[in-house]
Colleague: 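Attaching a single structure in structure tokens format; questions to follow.
Every number for a ligand or one of its atoms is a count from 1 in the order of the listing.
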Amino acid sequence: ATPTAVMVGTGQGARAGILVKNAEALELAEKIKVLVVDKTGTLTEGRPSLIDLRCAEGVTRAELLVLAASLEQSSHHPLARAVVEAARAEGLAPQAAEAVQAVGGKGVTGRVEGRAVQLGSPDFIEGLGVAVPPALLEPLVSAALTPVAVAADGRLLGVMGLADPLRASSKAAVARLQAMGLRVVMLTGDHPAAAARIAAEAGIAEFRAQVLPGDKAAAVEALRAEGRVGMVGDGINDAPALAAADVSFAIGAGSDVAIEAADLTLVRSDLNSVADAIALSRATLGKIR
Ligand code: ADP
Ligand code: MG
């Protein structure tokens with residue numbers, strides 16, 4: 001496109017709530033075939049809450065919540081915030097935690113009150129050698145909640161079930177993108193059952209669940225064999241996938257790392273802005289060559 005067309009497009013984008021960091025990306029947006037969409041914080045509000053909690057025998061709800069909140073208080077993960085809020089709402093104060101380590105896409109480990117505590121996805125906890133009994137896990141999975149298992153000193157304390165609501169604008173935005181001819185694919189590190197629920201609510205037929213942060217970029221790369229790929233994300237863990245896409249969009253309310261990695265920033269944190277950007281690209285830039 002001519003420099004003038006790009007300037008006009010960039011200005012129109014800004015008025016529509018799309019901040020263009022890379023003008024070339026706005027031109028490329030016209031021909032996006034596959035749009036990869038992160039789940040947590042992009043399709044959803046990114047504000048999960050604790051819905052259910054199942055304790056192992058002899059474990060109290062308070063004991064489990066205090067240990068979990070103690071590990072989570074230093075984490076910025078959306079699930080971590082939900083756990084800390086749930087503990088506080090029940091009048092429980094998180095305790096000091098030591099040697100806290102976040103394991104990306106899996107969970108957190110550390111020491112609380114002299115105990116070795118681990119929490120995260122059931123797969124992560126089982127990988128540490130602690131069985132997660134189906135009697136505790138299944139009710140949460142059946143309800144399509146995100147399960148977070150908690151263990152201390154090699155024993156399972158229980159499983160929490162969390163849910164993060166779909167953004168009010170997501171369903172209509174996905175329908176609009178699909179009507180524009182895009183294939184929308186959801187990518188998430190979440191459990192398959194929780195992922196399936198959000199995908200269905202959003203009207204997305206195709207999704208990949210339990211994708212580790214390091215594998216998100218490879219998933220985007222693989223889709224590039226099928227045409228030009230756009231990616232929308234909000235989190236630190238989305239940055240490599242954003243960088244791997246032909247055109248990348250960051251949710252404005254997302255992490256600085258995602259915004260830094262993306263070509264375009266959506267001021268309104270609304271997927272409709274992705275459709276607006278593609279429409280703008282088609283209308284003002286695509287035809288001026
Ligand atoms: P997403 O792709 O939805 O952003 P992540 O890759 O951040 O998800 O996390 C994937 C999974 O890892 C979560 O669904 C959860 O089971 C587990 N997990 C990661 N970090 C944490 C944490 N701080 N607290 C609890 N669970 C966590
Ligand atoms: Mg996210």
Colleague: Using modelled atom types and a 3.5 Å cut-off, is there a donor and acceptor pairing between side-chain atoms of Asp263 and backbone atoms of Ser248?
Modeller: yes
Colleague: Measure the distance from atom 17 (C) of ligand 1 to every protein heavy atom, then report the residue, atom name and distance (to 0.1 Å) of the closest one.
Modeller: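 The closest one turns out to be Lys106 O, 3.2 Å.
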Colleague: Heavy atom to atom 2 (O) of ligand 1, shortest distance: which of Lys216, Lys39, Met186, His76 holds it?
Modeller: Lys216
Colleague: Would you compute the distance between atom CZ of Phe249 and atom OG1 of Thr42 and round it to the nearest 0.5 angstrom?
Modeller: 12.0 Å
Colleague: Is it true that Lys33 and Glu226 have a side-chain N and a carboxylate O under 4.0 angstrom from each other?
Modeller: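 No salt bridge links Lys33 with Glu226.
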Colleague: Answer side chain, backbone, both or neither: which part of Asp190 comes under 4.0 Å from ligand 1, heavy atoms only.
Modeller: both
Colleague: Please list, in number order, the atoms of ligand 1 under 4.0 Å from a heavy atom of Ser75.
Modeller: 23 (N)
Colleague: Just let me know how Glu72 lines up against ligand 1, side chain, backbone, both or neither, with a heavy-atom cut-off below 4.0 Å.
Modeller: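 Under 4.0 Å from ligand 1, Glu72 contributes side-chain atoms alone.
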Colleague: Under 4.0 Å from ligand 1, counting heavy atoms only, is it the side chain of Val108, its backbone, both or neither?
Modeller: side chain
Colleague: How far is atom 21 (C) of ligand 1 from its nearest protein heavy atom, and which residue and atom name does that atom have?
Modeller: Gly107 CA, 3.8 Å
Colleague: Between Ser169 and Leu271, which heavy-atom pair has the shortest distance, and what is it?
Modeller: OG-N, 4.5 Å
Colleague: For the pair Lys216 and Asp238, find out whether any cationic side-chain nitrogen is under 4.0 Å from an anionic carboxylate oxygen.
Modeller: yes
Colleague: In terms of heavy-atom contacts, does CD of Glu90 have more than 12 from other residues, nucleotides or ligands at under 6.0 Å?
Modeller: yes
Colleague: Taking distance alone, with N or O pairs closer than 3.5 Å, would you say Gly189 contacts ligand 1?
Modeller: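 Yes; at least one N/O pair falls below 3.5 Å.
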Colleague: May I ask you to check if ligand 1 and His77 share an N or O to N or O distance below 3.5 Å?
Modeller: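 Yes: some nitrogen or oxygen of His77 is under 3.5 Å from one in ligand 1.
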Colleague: Counting N and O atoms only, with roles assigned by atom type, does the side chain of Gln95 sit under 3.5 Å from a partner on the main chain of Ala69, one being a donor and the other an acceptor?
Modeller: no
Colleague: Identify, for atom 13 (C) of ligand 1, the protein heavy atom at the shortest distance, and state residue, atom and that distance.
Modeller: Leu79 CD1, 3.7 Å
Colleague: For Glu221, is there an ion pair with Arg224 - N to carboxylate O distance below 4.0 angstrom?
Modeller: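 Salt bridge between Arg224 and Glu221, a charged N being under 4.0 Å from a carboxylate O: yes.
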Colleague: Over all heavy atoms of both residues, which pair between Leu212 and Gly104 is shortest? Give the atoms and the distance, please.
Modeller: CD2-O, 4.5 Å
Colleague: Starting from the Mg ion (ligand 2), count all protein N, O or S atoms within a radius below 2.8 Å.
Modeller: 3
Colleague: Is there a polar contact between ligand 1 and Val211, counting only N or O atoms under 3.5 Å apart?
Modeller: no
Colleague: Any idea which atoms of ligand 1 are less than 4.0 Å away from a heavy-atom of Thr146?
Modeller: 14 (O)
Colleague: Just wondering, do Ile198 and Leu166 contact through their side chains at under 4.5 Å, heavy atoms?
Modeller: yes
Colleague: Taking 4.0 angstrom as the limit and counting only heavy atoms of Leu119, give me the atoms of ligand 1 inside it, by number and element.
Modeller: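 The list of qualifying atoms is 24 (N), 25 (C).
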Colleague: Give me the nearest non-hydrogen protein atom to atom 3 (O) of ligand 1 as residue plus atom name, then the distance to 0.1 Å.
Modeller: Thr40 OG1, 2.6 Å
Colleague: For atom 12 (O) of ligand 1, which of the options Ala80, Gly105, Pro213, Gly120 provides the nearest non-hydrogen atom?
Modeller: Gly105
Colleague: The test is side chain to side chain contact (heavy atoms under 4.5 Å, CB included); show your working for Leu156 and Leu136 and say whether it passes.
Modeller: CA-CA 10 Å; Leu156 190 85; Leu136 296 180; 3.6 Å; yes
Colleague: Hey, are Arg268 and Asp276 close enough for a salt bridge, meaning a charged N less than 4.0 Å from a carboxylate O?
Modeller: no
Colleague: Going by the atom numbers of ligand 1, which of them fall below 4.0 Å from some non-hydrogen atom of Asn237?
Modeller: 4 (O), 5 (P), 6 (O), 7 (O)
Colleague: Would Arg111 and Glu113 pass as an ion pair if we require N to O under 4.0 Å?
Modeller: no
Colleague: Hey, are the side chains of Thr109 and Val100 touching, using non-hydrogen atoms and a 4.5 Å cut-off?
Modeller: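 Side-chain contact under 4.5 Å: no.
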